[in-house]
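Worth knowing before you read on, the calculation uses all heavy atoms, side chains too, and leaves out hydrogens, waters and symmetry mates. These numbers come from a predicted model, not from an experiment.
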Amino acid sequence: MTHLLMRRLAPLAVLAAAALATQAQAATQAVQFNVLNATATLPAPLLAGDSLVLDTLVTTQTGALLQTINFTVGASVGNLGGQAVWEIDTATGTGPRLIGVNIDIFNNSTNALVTSDVFAGTLGGFAVSTFASAIAPGSYRLVATGTGVRDSVLDVTLNFTAAVVPEPATYAMMLAGLGLAGLMARRRRG
């Protein structure tokens, strides 16, 4: 009896293992700006495991910073996290100095603010902030503002992750439990 049940459940176990093994390769979509005011649109949607990277190095301008990246979030995404780092050399120094930085993410459909960076502190001439928020599939824009006093250096990384899903071990336990329940039910009838 047990042998027959195992033969019937074997194809299900193979299908479950195959489904768990086929996960998409993570991609990084990078945008590089060398001017204070710029806009870009990412061509492909960001999926779970993907990253959006903004890399700014401006050496020819000072003044107001306004950089925008339009992007789409795919169906597999449920959360975003990340960080921003910008150089803030001293007021009397000669190195890059970017001040008053604010980074927001807006929903393009509703123009609602989804999340803003949270300032985490400074370390060795760099300011650091972080992001953590739920996000749904749709169209969004990242907006970075500030003032470039001298050269401007700004790096932002957003990482997109799936909504909470059970781990593979959970699926294995679920399949084992279903098999055990089927076996018990069959014994009761027999």
> Quick one: side chain to side chain contact (heavy atoms under 4.5 Å, CB included) partners of Thr39, sequence neighbours excluded?
Replying inline: Thr68, Asn70
> Please walk me through it: do Leu46 and Thr72 pass side chain to side chain contact (heavy atoms under 4.5 Å, CB included)?
Replying inline: CA-CA 6 Å; Leu46 293 155; Thr72 304; over 6 Å; no
For [X] versus [Y], what's the shortest heavy-atom pair and its separation?
X: Gly74; Y: Leu47; answer: CA-CD2, 3.8 Å
X: Asn107; Y: Thr110; answer: OD1-N, 3.3 Å
X: Leu113; Y: Thr115; answer: CD1-O, 3.5 Å
X: Ala26; Y: Gly49; answer: CB-O, 3.0 Å
X: Ala144; Y: Leu154; answer: CB-CD2, 4.0 Å
X: Ala162; Y: Ala48; answer: N-CB, 3.5 Å

> Quick one: do the Asp151 and Thr59 side chains pair a donor with an acceptor below 3.5 Å?
Replying inline: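 No, because no side-chain N or O of Asp151 sits under 3.5 Å from a partner of the opposite role on Thr59.
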> Does the side chain of Gln67 pick up a donor-acceptor pair with the side chain of Thr56 at under 3.5 Å?
Replying inline: yes
> Got a sec, which pairs hit side chain to side chain donor-acceptor pair (under 3.5 Å) with one end in residues 128-149, sequence neighbours left out?
Replying inline: Asn108-Ser139, Asn108-Arg141, Asn111-Arg141, Asp117-Ser129
Heavy-atom check, side chain of [X] versus side chain of [Y], under 4.5 Å:
X: Phe33; Y: Leu54; value: yes
X: Asn37; Y: Leu65; value: no
X: Ile69; Y: Thr41; value: no
X: Leu42; Y: Val31; value: yes
X: Thr157; Y: Leu52; value: no

>> Quick check against the 3.5 Å criterion: does Arg97 have a side-chain atom that pairs as donor or acceptor with the backbone of Asp89?
In response: yes
> Got a donor-acceptor contact below 3.5 angstrom from the Gln61 side chain to the Leu36 backbone?
Replying inline: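 At least one qualifying donor-acceptor pair exists.
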> Other than Val128, what residues sit in its cluster of Ile, Leu, Val, Met, Phe, Trp and Tyr side chains whose heavy atoms are under 4.5 Å apart, directly or through others?
Replying inline: Val85, Phe126
Is [Y] reachable from [X] through a run of hydrophobic residues whose side-chain heavy atoms are each under 4.5 Å from the next?
X: Val156; Y: Phe119; value: yes
X: Phe160; Y: Phe106; value: no
X: Val153; Y: Ile88; value: no
X: Leu80; Y: Val143; value: no
X: Phe131; Y: Ile135; value: yes

> side chain to side chain contact (heavy atoms under 4.5 Å, CB included) between Leu158 and Leu142: does it pass, once the steps are laid out?
Replying inline: CA-CA 10 Å; Leu158 297 179; Leu142 178 148; 3.7 Å; yes
